[in-house]
Amino acid sequence: MAAAPLSTPLDVHFFIPPSDSKGTIFFTKPLRTNSTRKFTFSCHSSKPKPKPPPNLPESPSPNNPSLSDQLKPLSTTTLSPAKPDQTHLLSKPKSTWVNPTRPKRSVLSLQRHKRSPYSYNPQVRELKLLARKLNNCDDSQEALSLTLNEVPFEPTRENALLILNSLKFWPKSYFFFNWIKTQNLFPMETIFYNVTMKSLRFGRQFQLIEQLANEMVSNGIELDNITYSTIISCAKRCNMFNKAIEWFERMYKTGLMPDEVTYSAILDVYAKSGKVEEVLSLYERGVASGWKPDAITFSVLGKMFGETGDYDGIRYVLQEMRSLGVQPNVVVYNTLLEAMGKAGKPGLARSLFDEMVESGLTPDEKTLTALIKVYGKARWAKDALELWERMRANSWPMDFILYNTLLNMCADIGLVEEAERLFEDMKQSSDHCKPDSYSYTAMLNIYGSGGNVDKAMYMFEEMSELGVAVNVMGCTCLIQCLGKARRIDDLVTVFGVSVKRGVKPDDRLCGCLLSVVSLCETSEDVGKVVACLQEANPKLVGLVKLIENKKTGFETVKQEFKSVIRDTAVDARRPFCNCLIDICRNRYLYERAHELLYLGNLYGLYPGLHNKTVDEWSLDVRSLSIGAAHTALEEWMGTLAKVVEREEALPELFLAQTGTGTHKFSQGLATSFASHVKKLAAPFAQSEERAGCFVATREDLVSWVQSRIPSAVTA
DNA sequence: ATAGGGTTAG
């Protein structure tokens, strides 16, 4: 891999800014591929970009490499591991073009496609009336032909265009377009195809669009930037990214340069297919061609980085806008706020929102939805409530999704009364904000996590009465709550009704049922819940039976555990293991509990459980259930005893992290842990400086272990 | 939706 590290993938001559250049910031961030991504902040803050010489042809010659050929080296150059001398090259004192002898090739036309001017049509009223009739009539060929014959009109080019533009649904537009074609009164120009394609795009009819495009090619009708951007955006909306790229390349091959609309459409295609490196290359290449990207481009970039919660990427977008002097609009702020949330930066989302309001923009429903969601997830109750207050004081726009997001925020933070008030507002509101399945799910979540079984059950019954669908999450919340209240018969009923009403149990629901199994006090109750679980996940029930049997050997448990966990959704794996451990402990199967904790660790379900530095060893049980945390503590004590016995080096401080349970409804892991520590007479005490931590000094721990060793030996 | 590109809910 001795290739010049800064050779550019797109054959664009690379401008290396001087090291003291103010507009250039360089930072790296490791990607999952263990490579290094480079963000070069283009050096366009102070000096205007040199315009490409006017005598250069705008379009590439037909034998130009296709875009995919041009992009090929990209994956091999930019995804290769970082080389130390890259930074060397960057700090070269003089600005220089890597290859100044070759002319810079532009990738996009800086001129937008020009539209033909609108001219007034005196017959507009009659034509609109006909269009309305067509819109309202049946989709069938017969009905449409009949309507056209009923209201005869002069089928001139202008009249036909006006009608075509006024048709709403694609079957009508497509029919009318074909009708004009068969009339043979005037040549079919590009604009007729473009208008029809736009309508087809609303109906996601990519196949028909492609058919029309091919027809244009074979009839020698020019495809312009409007045609291509429509084709590309339709393919994108149909998730046919390869088709979108194929047409983009065809465009270059026919010698047509994309303008900024087509260019940002293709950027979005690459962004949505997760090709971040390609997007950045195209972006930088466009900027190097003298393009000043607009707000739409930045919202595409912002959305892309938000998708992976890439904070460096978000900073890059903000920095680029600043240095290019592009003022973000509401959409850009919305995507960036959302992205900040995904990147886990609630504070920065808040400042960004403040900046937005200060700049004179009015937040819309999407802005507020994004921010409320961020505050809810971060459990920033104060900010969430303040924002809500501000929304009402300023009468900022509310919609249905925002209402439901507010309810979810209430569930995240534990604001029961506020949620009830909102829910009532929704019930009293006009039709478009009536509580739906999402709203009820949020309420089930709120009542369920708060242990308010009766109100939760009431919600469930109300849903049945009003015909609101129950979804798997609502069902899970209610079952969890009924389980905690030991209302097993109600639980069985709710499970049965939900399944009957179309709920497909998923791994989370199974995890929830499994946790109820661990809570059951009688074998009768266990049987009832296991019967539900048997319906949803028989293999999991098999594993439970296996581990409960003392005679089952470790190897058998290991194989079965592995097989069940492999088939389980990633986010449900640890809960499964936690519950299995709890079940064992409740049946006094301590050895089995330790085996399961070992297996959970083996298969990576408890990353970061043990942490060691020179000064401090810690056990982080925050993601463990009570039974699993006890098991982990016992395991840790056993290990420490061995270390003490062998007189190996020990740190000053020992730490067990239980967390404080920031969630209002969260169970008291700390309390339970404290009593277990007491039972073991271990010298851990709740730390006053570090919330959610139990600490022990080396001296205390060593003397405690030594006092226990004789008993440990005899036991 | 009056020929083309971007943003909201477990």
Side-chain angles (χ1 to χ4, degrees), chain A residues 112-116 118 121 124 127-128 131 135 161-170 173 189-203 223-234 236-237 244 258-269 271-272 293-304 306-307 328-339 341 363-373 376-377 397-409 411-412 436-439 441-442 444-445 471-477 506 508 571:
Chain A
R112 270 209 201 192
H113 183 93
K114 283 199 187 66
R115 289 154 187 267
S116 47
Y118 169 81
N121 189 323
V124 61
L127 294 165
K128 285 269 176 188
N135 276 326
L161 252 184
L162 202 145
I163 291 176
L164 193 57
N165 262 319
S166 314
L167 294 174
K168 285 185 179 162
F169 301 108
W170 69 266
S173 319
E189 300 160 37
T190 306
I191 188 169
F192 286 91
Y193 282 90
N194 289 350
V195 177
T196 309
M197 282 186 184
K198 182 181 179 184
S199 180
L200 288 168
R201 196 190 56 177
F202 273 106
L223 283 79
D224 61 18
N225 258 290
I226 298 177
T227 323
Y228 281 110
S229 58
T230 311
I231 299 170
I232 289 167
S233 59
C234 180
K236 181 186 72 196
R237 284 180 204 185
D259 65 12
E260 69 170 332
V261 175
T262 316
Y263 204 71
S264 57
I266 205 70
L267 277 184
D268 196 31
V269 169
K272 295 243 150 59
D294 62 5
I296 292 181
T297 311
F298 290 116
S299 87
V300 167
L301 296 181
K303 170 95 185 167
M304 173 179 79
E307 220 49 61
N329 63 14
V330 176
V331 177
V332 173
Y333 275 115
N334 291 353
T335 53
L336 290 176
L337 284 171
E338 177 96 18
D364 65 10
E365 296 88 336
K366 292 172 189 176
T367 320
L368 300 165
T369 298
L371 199 58
I372 283 292
K373 199 173 130 192
K377 291 283 157 277
M398 285 281 278
D399 70 359
F400 181 47
I401 294 176
L402 181 49
Y403 262 115
N404 282 341
T405 307
L406 280 163
L407 284 178
N408 282 324
M409 176 274 289
D412 283 332
D436 72 342
S437 167
Y438 275 89
S439 329
T441 302
L444 283 172
N445 188 2
N471 59 32
V472 66
M473 186 190 169
C475 174
T476 307
C477 292
D506 62 3
R508 281 202 208 188
D571 60 355

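Residue numbers begin at 1 in each chain, while the letters A, B, ... track the order of the sequences. These numbers come from a predicted model, not from an experiment.
As judged by a 4.0 angstrom heavy-atom cut-off over every strand, A:Y403 is placed among residues making no nucleic acid contact. When heavy atoms are screened at a 4.0 angstrom cut-off, A:T230 is found touching the sugar-phosphate backbone but no base atom. A:T262 comes within 4.0 angstrom of a base, heavy atoms only. Contact annotation for A:T297: base contact, defined as any heavy-atom pair under 4.0 Å involving a base atom. A:D268 comes within 4.0 angstrom of the backbone, heavy atoms only, and of no base. When heavy atoms are screened at a 4.0 angstrom cut-off, A:V195 is found touching the sugar-phosphate backbone but no base atom.
Counting atom types as modelled, A:R112 pairs a side-chain N or O with a base atom of B:dG5 as donor and acceptor under 3.5 Å. Side-chain N/O atoms of A:N445 and base N/O atoms of B:dG10 include no donor-acceptor pair closer than 3.5 Å. Counting distance only, with no hydrogens placed and no angle test, the side-chain atoms of A:K128 and the base atoms of B:dT2 include a donor-acceptor pair under 3.5 Å.
The nucleotide whose nearest atom lies closest to any side-chain atom of A:N194 is, among B:dA9, B:dG6, B:dA3, B:dA3. Side-chain atoms of A:M473 lie closest to B:dG10 of the nucleotides B:dG5, B:dG10, B:dG6. Of the listed nucleotides (B:dA1, B:dA9, B:dG6), B:dG6 has the atom at the smallest distance from the side chain of A:K272. Side-chain atoms of A:N165 lie closest to B:dA3 of the nucleotides B:dA3, B:dG10, B:dG6. Of the candidate nucleotides B:dT2, B:dG5, B:dG10, B:dG5 has the atom lying nearest to any side-chain atom of A:R237. When each of B:dG6, B:dT7, B:dA9 is scored by its nearest atom to the side-chain atoms of A:K236, the top-ranked nucleotide is B:dG6. For A:V332, whose side chain is taken as the heavy atoms from C-beta onward, the closest listed nucleotide among B:dA1, B:dG6, B:dT7 is B:dG6. Residue A:E338 has its side chain nearest to B:dA9 when only B:dG10, B:dG6, B:dA9 are considered. Nearest nucleotide to the side chain of A:V300, out of B:dG5, B:dA1, B:dG6: B:dG6. Closest contact between the side chain of A:I296 and the listed nucleotides B:dG5, B:dA3, B:dG10 involves B:dG5.
A:F400 has its side chain within reach of A:N404: a pair of non-hydrogen atoms, C-beta onward, lies under 4.5 Å apart.
Taking atom OH of A:Y333 as the reference point, atom C1' of B:dG6 lies 16 Å away to the nearest angstrom. Between the CH2 atom of A:W170 and the P atom of B:dT2 there is a distance of 21 Å, given to the nearest Å. The CD atom of A:E189 sits 14 Å away from the P atom of B:dA3 (whole-angstrom rounding). Straight-line distance from the CG atom of A:D436 to the C1' atom of B:dA9: 9 Å, rounded to whole Å. When rounded to the nearest whole Å, the span between CD1 of A:I226 and P of B:dA3 equals 8 Å. For the pair A:D294 CG and B:dG5 C1', the interatomic distance rounds to 8 Å; values are reported in whole Å. Rounded to whole Å, atom P of B:dT2 lies 17 Å from atom CG of A:L127. We find that CD1 of A:I266 is positioned 12 Å from P of B:dG6, with the value rounded to whole Å.
When the P atom is compared between B:dA1 and B:dG5, the two are found 12 Å apart, to the nearest whole Å. Remark: the separation of the P atoms in B:dG10 and B:dG6 is 23 Å, to the nearest Å.
The aromatic ring of A:Y438 is stacked on the base of B:dA9, with the two ring centres less than 5.5 Å apart and the planes inclined by under 30°.
Under the rule for a salt bridge (charged side-chain N to carboxylate O under 4.0 Å, His left out), the partners of A:K377 that lie at least two apart in sequence or sit in another chain are A:D412. Shown here are the side-chain hydrogen bond (donor to acceptor under 3.5 Å, both in side chains) partners of A:Y333, two or more places apart in sequence or in another chain: A:E355.
The CG atom of A:L444 sits 6.5 Å away from atom SG of A:C477, with the distance rounded to the nearest 0.5 Å. Remark: A:D259 CG to A:S264 OG distance equals 8.5 Å, nearest 0.5 Å.
Between A:K168 and B:dA1 there is no side-chain polar atom (N or O) within less than 4.0 angstrom of OP1 or OP2.
Defined by atom type and a distance below 3.5 Å, a donor-acceptor pair is present between the side-chain atoms of A:T297 and A:D294.
Checked for salt-bridge contact, A:E338 and A:K366 miss the test: no charged N lies under 4.0 Å from a carboxylate O.
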